[in-house]
S.K.: 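Have a look at this one before I ask anything.
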There are 2 protein chains.
Amino acid sequence: MNKAEILIIDDEPQIRKLLEITLESNDYKVWQAETGKAGIIMAANHPPELILLDIGLPDKSGHEILKELRTWYNKSIIILSVQNNEVDIVSALDHGATDYLTKPFRSAELLARIRSAIRRNQSNNSENKIICGDIVIDIAARVVMLNNTLLKLTATEFNLLVLLAKNEGRVLTHQYILKEIWGLGAQTETQYLRVFIGTLRKKIETDPNKPQHIFTESGVGYRFM
Amino acid sequence: MNKAEILIIDDEPQIRKLLEITLESNDYKVWQAETGKAGIIMAANHPPELILLDIGLPDKSGHEILKELRTWYNKSIIILSVQNNEVDIVSALDHGATDYLTKPFRSAELLARIRSAIRRNQSNNSENKIICGDIVIDIAARVVMLNNTLLKLTATEFNLLVLLAKNEGRVLTHQYILKEIWGLGAQTETQYLRVFIGTLRKKIETDPNKPQHIFTESGVGYRFM
DNA sequence: ATTCATCTTTATAAAATCTTTACGCCGCAG
DNA sequence: CTGCGGCGTAAAGATTTTATAAAGATGAAT
């Protein structure tokens, strides 16, 4: 249904093309950036589920990009590199890389490492399903069931619901939600959030006027129960 | 600081010894098991922060052990193997392995991958609760429980309660509270405070006329117990 | 190019919260 | 006893925040 999104940051067109074909044929939505700068901007405007980062970029060292991304981006970043040099690997992992693969990589292994990274992203509790009363969210399949009927959600609605459900019982601030779903650049756009909370409520609440799942914490954020 | 505990499951004594030396000199507490069976029992009796699992064990295939561990163990499992064979790697990762290294591995890289794996484990457990008789305040989740029922507080009420509870037993002056909650400009507005103390008492005291939590210190301020 | 679904933006009504005012209570000093 | 200052409560008024609809923009699919 909803495809997980992956951002490739790599300057070599042929590698990008190869990755694009491999990933798209495995049902990922692929975004591409040729430079580190462009990659950071793309990630900030529309945070992907995972970033594939080439360490040998022309404009900045990949290590720099990694550091910069990690100041706010907390999903998986897998490093790709021709370097099979221990110092590079250790440095990348210690600066928050999720994994490190040396080129040439084997595509089945890359895909498995991507699956593993995404799985860990989305399930801090090792559960691939979140069950919450009448709502069942299958994160891996990106599918939501409400009273055993399939719910049709857009990608953004789904991401928002997962974020809320993963933090069941906790209040998430507007800023935090906006950063996670829309990216760094959108932290002041609270109106986006109101609109999408509204559409979500229409879809998952039996009576949207008296929400049983998504509660408003006025002046602060929202809480999912 | 507490040492993170790592369980090594490997049948080759020299590898275990090598790992032991490497890990202990990097401030981990090391447990060892020679067989998969023994490893599972040790992990069950005393779950470590991370497991290093050799895939080529004599008693059971490492894949079996991995599957069995993953039925209940949800921290990191790093696979060590002489196999550099793609099918094995993909299978291990898809069955929940956190990472996969082929022997001979470089110890700095192994250590970096261990740090990365442990870091991801721990990222989500910042428990920060204030417990005060029948009141439990979870600051991170922005939740207050009174006798195990969720209390609905506005943002200002919550901030005020947290301030009081953080200074349990101490008298906080009007000025200080006003400065902390409303900011420097409001230090003379003691009436705000009276109103909000009133609404808080209504919500957390069984009998607001005889407060058990928020005590008035006439002429000075308030004290939370 | 056109259509369709989705996302973004704007406008406005409704709700929640905060601020302010008013008044009554109590203890205490005169 | 009376008046005063600090306190508590209620409620009106002001402000902020939220909900919802709907129009415009975007972008993918045909």
Side-chain angles (χ1 to χ4, degrees), chain A residues 1-3 5 20 24 27-32 42 45-48 142 151-161 164 171-175 177-178 180-183 185-205 207-223, chain B residues 142 151-161 171-175 177-178 180-183 185-205 207-223:
Chain A
M1 174 185 173
N2 283 317
K3 297 178 178 180
E5 302 184 359
E20 181 189 338
E24 288 195 337
D27 242 9
Y28 295 105
K29 171 110 184 70
V30 177
W31 299 90
Q32 303 184 25
M42 287 182 81
N45 288 331
H46 189 86
R142 297 183 73 83
L151 209 58
K152 193 168 157 42
L153 297 181
T154 70
T156 309
E157 287 163 6
F158 180 84
N159 291 338
L160 179 57
L161 180 60
L164 289 167
V171 178
L172 302 181
T173 64
H174 301 129
Q175 282 211 348
I177 300 174
L178 286 163
E180 290 294 312
I181 307 290
W182 281 271
Q187 287 197 50
T188 54
E189 308 284 342
T190 45
Q191 184 56 19
Y192 288 7
L193 196 45
R194 297 210 183 92
V195 173
F196 277 84
I197 290 285
T199 64
L200 256 187
R201 278 186 177 144
K202 262 190 224 158
K203 291 183 181 181
I204 67 174
E205 304 282 8
D207 178 0
N209 292 349
K210 290 176 191 166
Q212 297 303 301
H213 288 295
I214 301 176
F215 295 91
T216 302
E217 300 282 334
S218 191
V220 184
Y222 295 92
R223 178 213 312 270
Chain B
R142 223 186 159 84
L151 210 57
K152 195 169 157 37
L153 298 180
T154 69
T156 310
E157 287 162 7
F158 180 84
N159 292 338
L160 179 57
L161 178 60
V171 181
L172 301 181
T173 64
H174 300 133
Q175 283 211 351
I177 300 174
L178 286 162
E180 290 294 313
I181 307 290
W182 281 270
Q187 290 197 41
T188 55
E189 308 283 343
T190 46
Q191 180 56 18
Y192 288 7
L193 200 43
R194 293 204 192 94
V195 173
F196 277 86
I197 291 287
T199 64
L200 256 187
R201 278 185 177 145
K202 259 190 230 161
K203 291 183 181 182
I204 68 173
E205 303 283 8
D207 179 1
N209 293 348
K210 291 175 190 166
Q212 297 302 302
H213 288 295
I214 302 176
F215 296 93
T216 303
E217 302 286 336
S218 195
V220 186
Y222 296 92
R223 180 208 304 268

S.K.: Expressed as a whole number of angstroms, how long is the span from A:Leu178:CG to C:dC7:C1'?
M.R.: 14 Å

S.K.: Return the value, rounded to whole Å, for the distance between atom NE2 of B:His174 and atom C1' of D:dG6.
M.R.: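 Nearest whole value for this atom pair: 9 Å.
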
S.K.: Would you say B:Thr216 places a side-chain N or O within less than 4.0 Å of OP1 or OP2 belonging to D:dG8?
M.R.: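 Affirmative; the distance criterion is met.
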
S.K.: For the pair made of CD in A:Glu24 and P in D:dA28, what is the distance, rounded to whole Å?
M.R.: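 Taking atom P of D:dA28 as the reference, CD of A:Glu24 is at 11 Å.
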
S.K.: Counting side-chain heavy atoms from CB outward, which of C:dC7, C:dA16, C:dC18 is closest to B:Thr154?
M.R.: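 Among the listed nucleotides, the one closest to the side chain of B:Thr154 is C:dC18.
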
S.K.: Which atom pair, heavy atoms only, marks the closest approach of A:Leu178 to A:Gln187?
M.R.: CD1-O, 3.5 Å

S.K.: Would A:Glu217 and B:Arg142 pass as an ion pair if we require N to O under 4.0 Å?
M.R.: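 B:Arg142 and A:Glu217: not salt-bridged.
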
S.K.: So, is B:Tyr192 close to the C:dT20 phosphate, meaning a side-chain N or O under 4.0 Å from OP1 or OP2?
M.R.: yes

S.K.: Among the nucleotides D:dT9, C:dT19, D:dC7, which one has an atom lying closest to any side-chain atom of B:Asn209?
M.R.: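 So the nucleotide nearest the side chain must be D:dT9.
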
S.K.: With the criterion being N/O to N/O and under 3.5 Å, what pairs connect the protein with nucleotides 22-30 of chain C, and how long is each?
M.R.:
none

S.K.: Students often mix this up, so state it plainly: with edges at 30° and 60°, are the rings of A:Trp182 and A:Tyr192 parallel, tilted or perpendicular?
M.R.: tilted

S.K.: Provide, to the nearest angstrom, the distance between the CD atom belonging to A:Glu217 and the P atom belonging to C:dC18.
M.R.: 12 Å

S.K.: Heavy atoms from C-beta onward define the side chain here; which of D:dT18, C:dT8, C:dT17 lies closest to that of A:Tyr222?
M.R.: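 Of D:dT18, C:dT8, C:dT17, D:dT18 is nearest to the side chain of A:Tyr222.
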
S.K.: Of the non-hydrogen atoms in A:Glu205 and A:Gln212, which two are nearest, and what is the gap between them?
M.R.: OE1-N, 2.7 Å

S.K.: Which atom pair, heavy atoms only, marks the closest approach of B:Arg201 to B:Phe215?
M.R.: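 Smallest heavy-atom distance, with atoms named: NH2-C, 3.8 Å.
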
S.K.: To the nearest Å, give me how far apart NZ (A:Lys3) and C1' (D:dG27) are.
M.R.: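 Distance, rounded to whole Å: 15 Å.
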
S.K.: Report the relative orientation of the aromatic rings in B:Tyr222 and B:His174; use parallel for angles under 30°, tilted for 30 to 60°, perpendicular for over 60°.
M.R.: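 If you compare the ring of B:Tyr222 with that of B:His174, the planes turn out perpendicular.
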
S.K.: Which of residues 195-204 of chain A have a heavy atom under 4.0 Å from DNA chain C?
M.R.: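 Those residues are A:Val195, A:Phe196.
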
S.K.: In whole angstrom, what separates B:Ile181's CD1 from C:dT19's C1'?
M.R.: 16 Å

S.K.: Give me the atom names and distance for the closest heavy-atom approach of B:Leu153 to B:Glu157.
M.R.: CA-OE1, 3.4 Å

S.K.: Across the strands shown, which category fits A:His46 at heavy-atom distances under 4.0 angstrom: base, sugar-phosphate, nothing?
M.R.: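 Nothing, no heavy atom under 4.0 Å.
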
S.K.: Return the value, rounded to whole Å, for the distance between atom CZ of A:Phe158 and atom C1' of C:dT6.
M.R.: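 Distance check: A:Phe158 CZ to C:dT6 C1' gives 17 Å.
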
S.K.: If I compare all heavy atoms of A:Lys29 with all of A:Lys3, which pair ends up nearest, and what's the gap?
M.R.: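 Shortest heavy-atom contact: N-CB, 3.9 Å.
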
S.K.: So, is B:Trp182 close to the C:dT19 phosphate, meaning a side-chain N or O under 4.0 Å from OP1 or OP2?
M.R.: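 B:Trp182 to C:dT19 OP1/OP2: side-chain N or O found under 4.0 Å.
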
S.K.: Using a heavy-atom cut-off of under 4.0 Å over every strand shown, decide if B:Thr156 touches base, sugar-phosphate, or nothing.
M.R.: sugar-phosphate

S.K.: Does D:dG27 have OP1 or OP2 sitting under 4.0 Å from an N or O in the side chain of A:Lys29?
M.R.: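 Checking D:dG27 against A:Lys29, no side-chain N or O comes under 4.0 Å of OP1 or OP2.
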
S.K.: Could you give the CG-to-P distance, from A:Asp207 to D:dA19, as a whole number of Å?
M.R.: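 So the two atoms are 14 Å apart, to the nearest Å.
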
S.K.: A side-chain contact here means heavy atoms from C-beta on lying under 4.5 Å apart; do B:Ile214 and B:Ile204 qualify?
M.R.: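 Yes, side chains in contact.
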
S.K.: For A:Ser218 and B:Ala155, which heavy atoms make the closest approach, and how far apart are they?
M.R.: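 The pair with the smallest heavy-atom distance is O-CB, 4.2 Å.
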
